There are 2 protein chains.
Amino acid sequence: MRVHIIGVGLIGGSFALDIRNAYPDVQLVGVDTEPLHLEKALSLGIIDEIADLDDVSTSDIAIVAVPVDVSIHLVKTILDKIGEQTLVIDTGSTKGKLCEAVIQHEKRRNFLAAHPIAGTEFSGPEAAISNLYRNKTNIICEVEKTAFKFQERALDIFQRLGMRICYMDAKSHDRHIAYVSHLSHISSFMLGKTVLEKEKNERNIFDLAGSGFASTVRLAKSSPAMWSPIFEQNKENVVEILDEYIHNLTNFKKLIEEDDFKEVYKEMERTNHIKAILNGIN
Amino acid sequence: MRVHIIGVGLIGGSFALDIRNAYPDVQLVGVDTEPLHLEKALSLGIIDEIADLDDVSTSDIAIVAVPVDVSIHLVKTILDKIGEQTLVIDTGSTKGKLCEAVIQHEKRRNFLAAHPIAGTEFSGPEAAISNLYRNKTNIICEVEKTAFKFQERALDIFQRLGMRICYMDAKSHDRHIAYVSHLSHISSFMLGKTVLEKEKNERNIFDLAGSGFASTVRLAKSSPAMWSPIFEQNKENVVEILDEYIHNLTNFKKLIEEDDFKEVYKEMERTNHIKAILNGIN
């Protein structure tokens, strides 16, 4: 089996590491716009060789793991280049616009739209880790538009990597992911911004902040190059959930201002049962 | 040495565990309004015996670790009960109102206002853990109002537990802690509320959310009984920082709505350097 890893960062690199483990005979080749990333991926043993995008038809599978503003064009380019035998898997965090963009492509059946819910706040090939995908959910969108033999090929990989599969249409994916992922990133970035602005002496943050702050602000380390296009492609859902979040914060502030601490208590108590849900995550 | 642990939950219980380690001959006695907590603390070896608040004068040190709406009255009651030889240490998350409340007390010099920046989202004696305080900052407020011999006694404990000491006036403490702790809790609670409201099918949160969501919402598991009085006592600072946070979120939303993704990118990039600060926390 030959696999093109297109984008050898955290997501693509982690796929490469696990695929090599699961398929000892695999040949992994890398494509990236950043030569230093390719060198790094090569020296870390993530890929066996540096490849060209024009070679992609020589691979059985191409895994696309690039920012979503790139993939929305790149997936079409790759579909143009492949023959009948190559499966193209996208792994980005938005699915609506991409599925729309390829719907009329003559190679649509060679394409599988996936979103593995896995990652860290780090990026680049050095961030790639083994077993990143074990026990994680992989959302597959519009699976019926992918040829059955390619579904099977993709599922074989996902299963060997230990992923749980969840099927969803692309619109629902984007809505749900705005709730459970995109909002968290914005809340984290704006929390970081707010504290950096108010706490001019950064030494104070370092000295006084505890693990609670670190946990809520962790996502503010994420890559703007990755996240800005995600918010752009999922604008409608992101704005809607942000509206709701701002509304809830404003209401909570009002309760504090009006000294209604009975209701402040109740607001927190009603949210407390998120414990039970969170116990299943991590 | 005899120590009264007043409130045998996460904070008081963790102090007890570490003090026992640091002072093998210590006698630890517990006071709590919840008989089940006392039984649990006894059976877990956190305390040696259940005590009465009226006995507090028999102890060298009383560590008060109760919600701040309780401590603001209880610390005065304890100061009324002690003799010349007992040191009373409060460990709550707000310091302004408490320091004000005891400023005229004839035993003010027996009191030390502290805030160890340590904890988890769990509560009760079962949540108590060893080494919770190691390498954590302990903010001591208005240290000059505590008698020197009691400062020494407290510092000996804090040093043996491995804490870093930071001196601050109570007003500054409340302002800085609103930034680096209280805001994180509100952002987390409201994030949890927002997602629970929009995502009516909680199974979806469980299936689709990743570690990023879990990390930003973790603090929404915290105890409302502890946090509601904190927001009440630190109302002014909390409202101010919440205003700022809501302002920043609203502005970010506006940038998205207006398709100004260059500025969305820059907003995130400017906050990214929080990495360097966060690397020191945890």
Side-chain angles (χ1 to χ4, degrees), chain A residues 117 137 166 176 179-181 184 187-195 198-199 202 204-221 224 227-228 231-232 235 238-239 242 244-246 248-250 252-253 256-257 261 264-265 268-269 271 274-275 277-278 280-282, chain B residues 117 137 166 176 179-181 184 187-195 198-199 202 204-221 224 227-228 231-232 235 238-239 242 244-246 248-250 252-253 256-257 261 264-265 268-269 271 274-275 277-278 280-282:
Chain A
I117 312 290
T137 298
C166 172
H176 290 299
Y179 302 166
V180 299
S181 166
S184 285
S187 97
S188 207
F189 268 110
M190 289 303 103
L191 194 65
K193 177 186 161 83
T194 305
V195 175
K198 293 295 278 188
E199 194 62 271
E202 293 183 1
N204 271 335
I205 305 179
F206 184 85
D207 284 339
L208 305 181
S211 59
F213 178 73
S215 166
T216 45
V217 181
R218 178 171 71 85
L219 299 177
K221 302 183 200 173
W227 282 96
S228 179
F231 300 146
E232 184 169 1
K235 175 177 165 173
V238 166
V239 166
L242 253 180
E244 202 62 31
Y245 182 49
I246 292 168
N248 284 330
L249 283 164
T250 306
F252 196 81
K253 181 174 74 97
I256 294 176
E257 284 174 323
F261 291 98
V264 164
Y265 182 102
M268 292 191 278
E269 198 184 33
T271 305
I274 205 156
K275 274 178 208 177
I277 300 170
L278 291 178
I281 306 174
N282 263 324
Chain B
I117 312 292
T137 298
C166 172
H176 290 299
Y179 302 165
V180 299
S181 165
S184 285
S187 98
S188 206
F189 268 111
M190 289 304 103
L191 194 64
K193 177 186 161 83
T194 305
V195 175
K198 293 295 279 188
E199 194 61 90
E202 294 182 0
N204 271 335
I205 305 178
F206 184 86
D207 285 338
L208 305 181
S211 57
F213 178 73
S215 166
T216 45
V217 181
R218 178 170 72 86
L219 298 178
K221 302 183 200 172
W227 283 95
S228 179
F231 300 145
E232 185 168 1
K235 175 177 166 174
V238 166
V239 165
L242 253 180
E244 201 62 30
Y245 183 49
I246 293 168
N248 283 331
L249 284 164
T250 305
F252 196 81
K253 180 173 76 97
I256 295 177
E257 283 174 324
F261 291 99
V264 163
Y265 182 101
M268 292 191 280
E269 198 183 32
T271 304
I274 204 158
K275 275 179 209 177
I277 300 171
L278 290 178
I281 307 175
N282 262 324

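Labels below follow one simple rule: chain letters A, B, ... track the order of the sequence lines, proteins then strands, and each chain is numbered from 1. Side-chain atoms are counted along with the backbone in the values below, which use heavy atoms only and exclude waters and symmetry mates. This structure is a prediction, so every number in the text was calculated from the model and none was measured.
Taken to the nearest 0.5 Å, the CD atom of B/E257 stands 7.5 Å off from the NZ atom of A/K235. Atom CG of residue A/L208 and atom OH of residue B/Y179 lie 11.5 Å apart, to the nearest 0.5 angstrom. We find the CD1-CZ distance between B/I117 and A/F213 to be 12.5 Å, quoted to the nearest 0.5 Å. One finds the CG atom of A/N248 at 4.5 Å from the NZ atom of B/K193 (value rounded to the nearest 0.5 Å). For the atom pair CZ (B/R218) and OG (A/S211), the distance works out to 5.0 Å, reported to the nearest 0.5 Å. One distance of note links OG1 of A/T194 with CD1 of B/I246; it measures 10.0 Å at 0.5 Å rounding.
Listed options A/S181, A/A220, A/S188 were ranked by heavy-atom pairs under 4.5 angstrom with chain B; first place goes to A/A220. The residue among B/V195, B/V264, B/I256, B/V238 with the most heavy atom pairs within less than 4.5 Å of chain A is B/I256. Your options are A/L249, A/V217, A/N204, and the one with the most heavy-atom pairs under 4.5 Å with chain B is A/L249.
The main-chain N or O of B/S187 is found under 3.5 Å from a side-chain atom of A/Y245 such that the two form a donor-acceptor pair. Side-chain atoms of B/T137 come within 3.5 Å of backbone N or O of A/D207 as a donor-acceptor pair. A donor-acceptor pair is defined here as one N or O able to donate and one able to accept, closer than 3.5 Å; no such pair exists between the side chain of B/K221 and the backbone of A/I274.
Closest approach of A/F261 to B/S228, counting heavy atoms only: O-OG, 3.2 Å. Of all non-hydrogen atoms in B/L278 and A/A214, the two that sit nearest each other are CD2-CA, 3.8 Å.
With a threshold of 4.5 angstrom between heavy atoms, A/V239 approaches chain B through its backbone and through its side chain. Contacts between A/L191 and chain B at a heavy-atom distance below 4.5 Å involve backbone atoms as well as side-chain atoms.
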Intermediate values then yes/no, side-chain contact (heavy atoms from CB on, under 4.5 Å), B/F252 and A/F231
CA-CA 11 Å; B/F252 196 81; A/F231 300 146; 4.0 Å; yes
